[in-house]
Amino acid sequence: MSVWFNPAREIDALLRKAATSVPGFEADFDPELKSSDPRHADFQANGVLAAAKKAKANPRALASALLESLRTEGGVDEKLIQVEIAGPGFINFKLTPVALGSWLREYRDESKWRAGAARLMGGRKVVIDYPSPNTAKQMHVGHLRPIVIGEAVARLVEFCGADLVRDNHIGDWGTNFGILILAIRRAGFQLDAKSPHALEDLERLYKEGSAATKADPALMDAARAELAKLQAGDAANTALWKEIVEVSNAACQRIYDQFDLKSDVILGESFYRDKVDQVYAELQQYGLAEESEGALVAWHDEEPRFSRHAETKMPFIIRKRDGSSNYASTDLATLLYRLEHFKADEIIYVTDGRQQDHFHQLFVTGAKWFKASKRRLPRLRHVWFGTILGEDGKAIKTKSGDPVRLQALIDEATERAYQEVKKKNPDLPEAEHRSIAKAIGVAALRYADLSSSRTMDYTFSWEKLLAFEGNTAPYLMYAVVRVRSIFRKSGLAVGQGEEGATDPETPTEIALARKLLGFTAALDSALEDLRPHHLCTYLHELAAAYGAFYAADSVIVDEPAVKARRLMLCSRTTAILEVGLRLLGIEPVERM
RNA sequence: GAGGGGGUAGCUCAGUUGGAUUAGAGCAGCAGCCUUCUAAGCUGCGGGUCGCGGGUUCGAUUCCCGCCCUCCUCACCA
């Protein structure tokens with residue numbers, strides 16, 4: 001018989017079918033099949049308990065009637081799956097070593113898993129918006145998250161079959177430019193885009209401008225006026241703006257390169273400067289926007305918070321009092337562009353959680369607008385993340401204080417990794433020490449950020465971000481290195497030497513094999529809410545299972561069948577670890 | 001006030017639609033394991049009334065209600 005790629009799904013279907021001929025089960029019976037504590041079983045069906053309650057029947061009796069029906073219908077092959085009733089009426093399904101072995105022989109490489117995953121998002125056109133920084137600031141540790149989370153989500157979605165456009169929607173058309181231009185003028189500063197200190201100078205000026213406009217409302221108005229001039233096409237401000245953007249983008253690119261981040265398009269807010277008038281016109285035409293205190297705003301009375309009757313007014317401001325555009329204007333224009341130009345089925349925005357209200361209003365406004373104009377509305381998702389906090393427990397900001405720069409963090413991670421690899425593996429050539437250190441350092445940062453739930457805030461700490469032991473990227477990469485070393489020493493390529501492999505036998509072989517089968521479930525749960533930490537958790541468990549196997553069972557042994565099956569386990573382990581690490585944006589290394 | 005995040009082991013955090021005698025992991029602590037495939041590793045031990053109080057249920061860290069603590073957002077910043 002053929003081997004099921006996803007046994008849980010097949011068992012679920014069989015139980016539903018079996019239930020149709022058993023009195024006591026309704027037509028919409030859900031077996032509630034889920035993965036189980038491995039001490040009991042691989043999967044357990046809990047649904048009989050709920051059904052028994054409805055039918056006022058004895059759950060265990062109902063469960064055995066269901067199993068009887070399953071058997072008469074052909075049931076499951078008991079050589080592959082053991083079934084038993086347990087506890088108050090759970091049905092346990094345990095995969096036998098025969099089933100595990102068959103699966104491992106059948107589903108052997110990335111192309112098989114990719115094909116399996118493609119059913120999740122295959123054929124969908126998806127635009128993902130990240131890391132979308134504001135311009136004219138140096139990147140600090142707070143900018144780690146949009147880069148790392150955005151990249152992981154993008155790769156995950158792409159792996160699952162989406163036709164993906166990565167759009168870096170940089171913030172290059174907002175009031176921060178008004179502040180910066182004002183500060184430059186006030187300081188009499190001459191910007192030299194070629195100066196190596198250009199960005200530092202801009203950042204210093206921005207900080208000065210930010211403090212000054214905060215202290216003096218008249219200066220804030222002056223800053224807004226500079227922005228209005230820029231948006232109106234003023235030649236001097238436009239020239240200055242161009243230089244600032246150029247300096248800023250070059251600096252960002254140096255960071256992106258180190259994170260292996262590539263955008264398909266960079267369509268910043270300024271790209272939409274000539275597209276906002278249509279937004280104003282249409283929203284007014286459909287009665288979705290109106291004047292309020294001189295600004296053009298959208299209210300959403302059906303939501304108390306965004307209602308015009310709310311105690312604290314919170315309108316969606318789509319055009320400012322002075323006529324200039326803002327975040328909302330350009331985001332609405334961007335929404336339309338992504339529908340018309342990219343034919344997006346889905347748009348994913350990766351930003352800080354403090355923008356939740358903005359996106360809520362954007363999505364509601366967009367939905368009403370597209371409905372009124374008879375346009376198709378893409379699925380809109382805000383993939384938000386928590387804030388990285390400074391030692392003081394407050395969000396890290398450029399405006400105040402002096403946050404750790406992202407480049408400094410990368411450099412420190414690389415240096416620590418370099419010292420470590422030189423100590424652990426002194427015989428490697430210097431160049432390899434350097435390249436391994438770079439890979440491990442950045443990987444450690446990424447994984448540290450990705451491994452906790454993205455909606456959690458966390459406090460910045462060198463110790464946390466640069467850990468190399470335990471549940472860290474180096475631990476996972478190390479598991480890959482140990483597998484590859486075995487193949488290298490045996491003169492085999494990964495994937496070779498497994499002819500005649502028997503089914504897993506020892507407890508550690510069986511535990512590893514079961515963990516390997518869990519890959520697809522891990523993908524599902526990571527994709528569900530676009531939460532990469534589910535993948536991290538899985539990969540750590542897989543690496544741990546490999547660690548136990550590695551310590552308990554020698555691979556290079558004399559008995560050919562044992563050796564073959566252990567090589568097979570090694571090969572599958574490294575293949576899944578490598579695919580999983582790459583989904584997180586981490587490139588494995590051969591040695592470390 | 002409204003909306004959102006969080007409150008689980010000394011610390012940092014998992015816990016998928018409520019589920020099974022011991023609620024998991026990493027770090028930190030303690031005790032072991034390198035002449036054989038890389039010890040960035042492996043094995044074991046100790047450590048938790050899952051914020052508090054009710055409710056629903058055969059069963060609640062998970063669902064409902066109330067309360068407490070904490071962080072974030074709330075008119076022209078993005």
Side-chain angles (χ1 to χ4, degrees), chain A residues 30 32 34-37 39-40 44 46 49 52-53 59 86-90 92 132-134 171 174-176 179 210 224 269 292-297 303-306 310-322 324 326-328 330-331 351-358 360 384 386-387 389 393-395 417 420-421 423-425 440 451-453 455-459 461 463-464 467-472 474-475 477-479 481-490 521 524-525 528-529 533-534 536-537 540-541 544 547-548 550-552 554-557 566 570 591-592:
Chain A
D30 179 359
E32 294 176 33
K34 53 185 289 180
S35 47
S36 176
D37 183 328
R39 284 170 298 195
H40 299 108
Q44 62 182 70
N46 298 342
L49 287 163
K53 184 153 77 179
F90 306 119
N92 283 347
S132 310
N134 283 330
T175 303
N176 53 336
I179 292 170
S210 179
R224 291 196 185 107
E269 292 167 348
S292 171
E293 298 179 25
L296 187 64
V297 309
E303 301 209 28
R305 281 188 303 146
F306 305 131
E311 248 179 81
T312 309
K313 300 281 185 287
M314 207 174 158
F316 195 43
I317 299 169
I318 64 173
R319 188 181 61 204
K320 296 197 280 187
R321 187 169 38 211
D322 63 11
S324 49
N326 69 358
Y327 196 27
T330 49
D331 266 359
T351 81
D352 187 287
R354 287 169 293 182
Q355 297 181 33
Q356 282 174 95
D357 286 336
H358 167 79
H360 191 140
W384 61 272
T387 309
L389 308 170
K394 302 281 181 195
E420 200 69 12
V421 71
K423 192 171 80 193
K424 308 259 184 195
N425 216 336
I440 291 177
S451 59
S452 64
S453 176
T455 52
M456 292 280 282
D457 292 349
Y458 66 84
T459 302
S461 104
E463 194 183 298
K464 177 191 174 78
F468 291 162
E469 289 169 13
N471 186 6
T472 63
Y475 176 77
M477 296 169 84
Y478 185 64
V481 160
R482 294 212 288 188
V483 173
R484 300 198 81 93
S485 177
I486 289 173
F487 282 98
R488 203 168 52 241
K489 294 240 158 119
S490 336
D524 284 353
S525 57
E528 168 99 32
D529 290 315
H533 82 278
H534 285 131
C536 294
T537 303
H540 178 251
E541 288 169 358
Y550 184 89
S554 293
V555 176
I556 307 306
V557 293
R566 290 183 182 168
C570 286
R591 279 183 283 258
M592 62 190 273

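Below, chains carry the letters A, B, ... as their sequence lines are ordered, and counting in each starts from 1.
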For this session: For A:Gly174, answer base if it contacts any base atom (sugar-phosphate contacts may also be present), sugar-phosphate if it contacts only those atoms, and nothing otherwise; contact means non-hydrogen atoms under 4.0 Å.
Result: sugar-phosphate
Problem set entry | Donor/acceptor link under 3.5 angstrom from A:Asp331 side chain onto base of B:A78 | no
Exercise. Heavy atoms under 4.0 Å, any strand shown: does A:Gln356 hit a base, just sugar-phosphate, or nothing?
Worked result: sugar-phosphate
Exercise. If you look at every strand shown and take non-hydrogen atoms under 4.0 Å, does A:His360 touch a base, only sugar-phosphate, or nothing?
Worked result: nothing
Exercise. A:Pro304 near the nucleic acid: base, sugar-phosphate alone, or nothing, with a heavy-atom cut-off under 4.0 Å?
Worked result: nothing
Problem set entry | Nearest-angstrom distance, C1' atom, B:G19 to B:G1 | 40 Å
Exercise. Are the ring of A:His40 and the base ring of B:A20 both nearer than 5.5 Å at their centres and tilted by less than 30°?
Worked result: yes
Problem set entry | Sugar-phosphate, base or nothing in reach of A:Asn425, heavy atoms under 4.0 Å | base
Problem set entry | Distance, P atom - from B:U61 to B:A23, rounded to whole angstrom | 11 Å
For this session: Scan A:Ser554 against the nucleic acid and name what it touches under 4.0 Å (heavy atoms): base, sugar-phosphate only, or nothing.
Result: base
Problem set entry | Distance test, side-chain N/O of A:Thr175 to OP1/OP2 of B:A78, below 4.0 Å | yes
Exercise. Given that both pair distances must be under 3.5 Å and the pair must be Watson-Crick or G-U, what runs of three or more consecutive pairs involve RNA chain B?
Worked result: B:1-7 with B:68-74, B:10-13 with B:24-27, B:29-33 with B:41-45, B:51-55 with B:63-67
For this session: Please work out if A:Val483 contacts a base, only the sugar-phosphate, or nothing of the nucleic acid, heavy-atom cut-off 4.0 Å.
Result: nothing
For this session: For nucleotides B:A2 and B:C11, find the distance between their P atoms and express it as a whole number of Å.
Result: 32 Å
Seminar exercise, completed: Side-chain contact check for A:Tyr475: nearest option of B:C42, B:A75, B:G5 is B:C42
For this session: Decide yes or no, distance alone: a donor-acceptor N/O pair under 3.5 angstrom between the base of B:A2 and the side-chain of A:Glu311.
Result: no
For this session: For B:U56 versus B:U22, give the span between their C1' atoms, rounded off to a whole number of Å.
Result: 28 Å
Exercise. For A:Lys313, which contact category applies under a 4.0 Å heavy-atom criterion: base, sugar-phosphate, or nothing?
Worked result: base
Exercise. Looking across every strand, which nucleic acid part, if any, lies under 4.0 Å from A:Thr455 by heavy atom: base, sugar-phosphate, or nothing?
Worked result: sugar-phosphate
Exercise. Touch check for A:Glu463, heavy atoms < 4.0 angstrom, all strands: base, sugar-phosphate only, or nothing?
Worked result: nothing
For this session: For A:Gln355, answer base if it contacts any base atom (sugar-phosphate contacts may also be present), sugar-phosphate if it contacts only those atoms, and nothing otherwise; contact means non-hydrogen atoms under 4.0 Å.
Result: base
Exercise. Expressed as a whole number of Å, how far does the P atom of B:A60 sit from that of B:C42?
Worked result: 36 Å
Exercise. Does the side chain of A:His540 get closer than 4.0 angstrom to OP1 or OP2 of B:A14 through an N or O atom?
Worked result: no
Problem set entry | Residues which pass salt bridge (charged side-chain N to carboxylate O under 4.0 Å, His left out) with A:Asp352, listed by chain and number, not counting sequence neighbours | A:Arg354
Exercise. If the C1' atom of B:G24 is compared with that of B:A9, how far apart are they to the nearest Å?
Worked result: 11 Å
Seminar exercise, completed: The answer to which of A:Arg321 and A:Arg488 contacts RNA chain B further toward the 5' end, by nearest nucleotide, is A:Arg488
For this session: Check if the side chain of A:Thr537 and the base of B:A25 share a donor-acceptor pair of N or O atoms closer than 3.5 Å.
Result: no
For this session: Just call it for A:Leu49: base, sugar-phosphate, or nothing, with non-hydrogen atoms closer than 4.0 Å on any strand.
Result: base
For this session: Sticking with atom C1', work out how far B:U8 lies from B:G26, rounded to a whole angstrom.
Result: 15 Å
Exercise. NA contact type, A:Asp457, heavy-atom cut-off 4.0 Å: base, sugar-phosphate, or nothing?
Worked result: sugar-phosphate
For this session: With heavy atoms under 4.0 Å as the rule, sort A:Met592 into base, sugar-phosphate or nothing.
Result: base
Exercise. At under 4.0 Å, does any side-chain N or O of A:Lys424 touch on OP1 or OP2 of B:A40?
Worked result: yes
